[in-house]
Structure formats: C-alpha cells, structure tokens
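So the structure is just underneath, and the comments pick up after that.
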There are 2 protein chains.
Amino acid sequence: MTDKDRSPSGKSGPSSGRDPERSRRLLIEATLESIARKGISETTVSRIIEHAGVSRGMIHLHFGGKDKLLEEAARTFCEAYYIEMDRQLAGVSDGPTETIMAIVRADLSEELLNERSVAIWHAFRGVARLNPAIAHYSDTRDARLRGMICDAFHALLESEGDAGVADDITMGTLALLEGMWTDFLTHPDAFSRQAAVRIVSRFLEAMFPGRFRI
Amino acid sequence: MTDKDRSPSGKSGPSSGRDPERSRRLLIEATLESIARKGISETTVSRIIEHAGVSRGMIHLHFGGKDKLLEEAARTFCEAYYIEMDRQLAGVSDGPTETIMAIVRADLSEELLNERSVAIWHAFRGVARLNPAIAHYSDTRDARLRGMICDAFHALLESEGDAGVADDITMGTLALLEGMWTDFLTHPDAFSRQAAVRIVSRFLEAMFPGRFRI
DNA sequence: ATTGTAAATGGACGATCGTCCATTTAAGCA
DNA sequence: TGCTTAAATGGACGATCGTCCATTTACAAT
C-alpha cells in the first residue's frame, strides 16, 4: 500500500477536504433529488449546488456543464435500477416461471417502484425524445432483461407455436409493467403493489394455464 | 340573424382582424406544436408567439400567463383524444368483444398514436406530478373509457369469477396500451401498430379463448 | 364623422438562467 | 518550510426568461 492510498476517500477527514469523487457523487445525488422533488424544469444550477452544498463552479469543473450532469444523473439512476434488479434476482434460478415472476415482483417492489423513482423516470422520459443521451437510458428495459424474459417464455412454450410468440408475450409483459409504473405515477395513493402483481399473474396464467397460479 | 353575427369569425376578413377566439386557438396550437417539436422546457413565450404569429402581450391578455396557457393546451390536447376516440367508436356497438377491440384499435391508430401525440403526452406526463392542473389531463384514460371496457369485460365474464376480475383485466388492458405508447416513444421506427394490436389480442384471447381470435 | 370599447401591440422591466474564470484553499512533495 | 498542483470557490457576465402596461389599432355604435 503506497502513500497514495491515504487518499481523501479514506474516512480520516470528517467532511471537508479534497475529494473530487465525493463532489461528483454529491452533485449527481442532488440533481436526482431535485428532479424528484421539483421537476426537471425547476432543477437549476443554483438549486443543485445548494442541495449538494458545493460551490457554483463545480458543475462546470466536474461535468463540463449542466447538460452533461443531467446525462450522468440519468446514467446513474438507470444503473441503480439494474443493480437493485440483479440483487433481487440473485437467489432465483429455478425455472422460467420463477424467473419471470421474480422479475415482475422486483420491478414492482418498493425498492424499484416508488414515488421518487417514478417521478424521476417520467421526468427523464419527458425530455428523452430531444436528448439522445438521456433517451438511451430511458429505454423500455434493456436488452439483457428483455432477453432473460424472452428466453424464459421460449422455454415455457417449448417447441409449439411460432417463433414470434415468445417475442410478443415478452413485449406484452414489459408493456404491462410500464403501464403499472404509469398508473403509480398518476394514482400514487390508490396504487396497490399486490394488485399489480396479481394482474400480471392473471394475464400470464391465462397464457400458460397452471404455470402462474395466483 | 342580427348584425352581431357579422362577427370576425365569418369568412369576410381574409386574415387580419379582431378575433379573440382565433388568437386563443392560434396560441394553443402553437404551444402544442412547440412542445411536440422542442419539448416543454424550450417552449418559451417568445417561441410560442413566434409560431402563432401574434404579439407578446397576447398570452397574458387571453390566458393570464404562460402557466394557464399550458394548462389550456393540455386540456385541448386531452379533449382531442376523446373526440377522435368517439369518432372511431361511433359505428361499433355489436358486443363486448367488438367494443374492446375497437377501443384498442383506436388507441393504437395513427390518428391517436403518432410521433406528435406521444411526444406531447409524455412531455405533459413529465411535469404532471408537480402541476395538478395538468395532472388531471394526464390521467390514464378517463373514467368513461375505463367504464366502457370494464362493462364489456363484465359481460364477457358473465357471472363466473370474482367481482374484481373484470376490474383487474380492465386495468391490465389499459396498462398494456400505456406500455405500447411508451414503446412507440422510445422506438418510433421499430414500432409496429399491427404487432401492438396482435399482442393485446394474444393476451385477451388467452383470457377469453375463442373471443379474440387473432 | 365622432366616440367608445376592446383587441392587439411591442418594448421595458427585474429576475433568473448557465457559463466561465480569476482567485483562494488544501494536500503532496522536495 | 516553501513549492507545485489540482480542487474548490463565488462573483461577474451576457442571454433569456415571463410579466406587465402604456400605447396603438380596428371595429361598432352614436
């Protein structure tokens, strides 16, 4: 261990000290918090630095501008979704049915679907069409997750049916989940996680009788 | 017909003349057009009046401020959805199956689901959570549409099953449609209207065998 | 023709936006 | 203890935001 490892990331200094990594993290977190609470249009440089407790020049210094910071915030937020999704999927690997339901339950779990996340998610969606960098992170679930679900449905279908059926059901299932997120956004009080899981289960049980019993 | 009917709304004057109604309409249309093309954050007073071809003071004069104009634009946009939906639903009244599929086809039709509408819809969604007035128009389909679908599913279920089943399937169907809109937003080029209708049909056919044959 | 009324104009205004940079501060090295 | 380097500061800057109002314009009634 060289002297260099006695860097500011160690817990020696209580708070104030040189730590560019910490500054970056503070800014990203403050940005996401501001978007969640005040919306993206009211997420200004002044508000971000106030929440982060840093000086005005930090955004330009560490990110090169407000837009780049927003992009990094979107990336971080998207990354956090998959990290938590993987965490909840860690213990499950029994079969296609369990895999699919594990993904569904995780996507609708309190850790992933809550007022904060749904607010941030839809805020980014609103500006995604004109900001390709953000659009990339606003995609309807990524290829890996889609692949996992599609493979599971393929296994469930065995060899019967067309090749496109599994793709259709995959897209339908993802669309169902998307719709649940939107419902949470528009009716945060009336929303029921249990009902949401039950509804998805109903559709899948109808599709594969006996496999997704409620 | 009194003299008053020779108002500016008549086609006497070619373009310039007093017509507060026309000014209001121009401003609302310009607002929606700007949101569709530039996003809500770049929809400024300057841009709106430029597109509308009116003077700066008009927004404050006719709407009392930019926020009120945005709210009116959201109302108008939402209203247009239901007007077109009703138009497409006008000829259908055969049975529950036809009613449901007519709503699905209409919701996914080019008139209702297109790049412009999906951009505006998601832009409003993005700011809805902090703007109650706009949130009201961003609701996931209104009570009337939901009621029509729910009644149809009730009829399809006849007397079997719990009372909540129809509600569940209704919410699932609406969620599916919401998800399709989101997919159109994130993948406008890859999206297929035909595939979207087919996927919804698959799920409903699984739920009610023989009723929603593809 | 004159007057009254309301629509329409467009510039002034203060506030706030994001960017940038001269300066200060703190940590590592000689 | 100086010296170097990079992190951090915070105010200045021009641009642009939305609001507002004194003024002009156009139409209807007198």
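Chain letters run A, B, ... following the sequence lines, proteins first, then strands; residues in each count from 1.
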*asked:* Output the rounded distance in Å from CD1 (A:I49) to C1' (D:dT9).
replied: 10 Å
_Less than 4.0 angstrom from a charged side-chain N to a carboxylate O is my criterion; do B:R75 and B:E71 meet it?_
no
*Using 30° and 60° as the class limits, which term best fits the ring planes of A:F153 and A:F212: parallel, tilted or perpendicular?*
tilted
Could you pull out the protein-nucleic contacts involving nucleotides 14-21 of chain C (nitrogen or oxygen on both sides, under 3.5 Å)?
residue: C:dG18; atom: OP1; partner: A:K66; partner atom: NZ; Å: 2.5
residue: C:dG18; atom: OP2; partner: A:V45; partner atom: N; Å: 2.8
residue: C:dG18; atom: N7; partner: A:R56; partner atom: NH2; Å: 3.0
residue: C:dT19; atom: OP2; partner: A:K66; partner atom: N; Å: 3.0
residue: C:dT19; atom: O4; partner: A:R56; partner atom: NE; Å: 2.8
residue: C:dC20; atom: OP2; partner: A:H60; partner atom: NE2; Å: 3.0

*Please name all residues satisfying side chain to side chain contact (heavy atoms under 4.5 Å, CB included) with B:D67, sequence neighbours left out, ordered by chain then number.*
none
_Carboxylate-amine/guanidinium proximity below 4.0 Å for A:E21 and A:R24_ = no
*Using the ring of each side chain (for Trp, its six-membered ring), is A:F191 parallel, tilted or perpendicular to A:F184, with breaks at 30° and 60°?*
perpendicular
*Can you tell me how far C1' of C:dA7 sits from CE of B:M58, to the nearest Å?*
7 Å
*asked:* Whole angstroms only, please: what is the CG-C1' distance between A:L61 and D:dT5?
replied: 13 Å
*Any idea which of D:dT9, D:dA8, C:dA7 is nearest the A:V54 side chain?*
D:dT9
*asked:* Side chains of A:S192 and A:Q194: any donor to acceptor distance under 3.5 Å?
replied: no
*Look at the side-chain N and O atoms of A:S23 and state whether any lies under 4.0 Å from the OP1 or OP2 oxygen of D:dA7.*
no
*In whole angstrom, give the distance that lies between atom CG of A:D19 and atom P of D:dA8.*
7 Å
*What's the CZ-P distance between A:R22 and C:dA26, to the nearest Å?*
14 Å
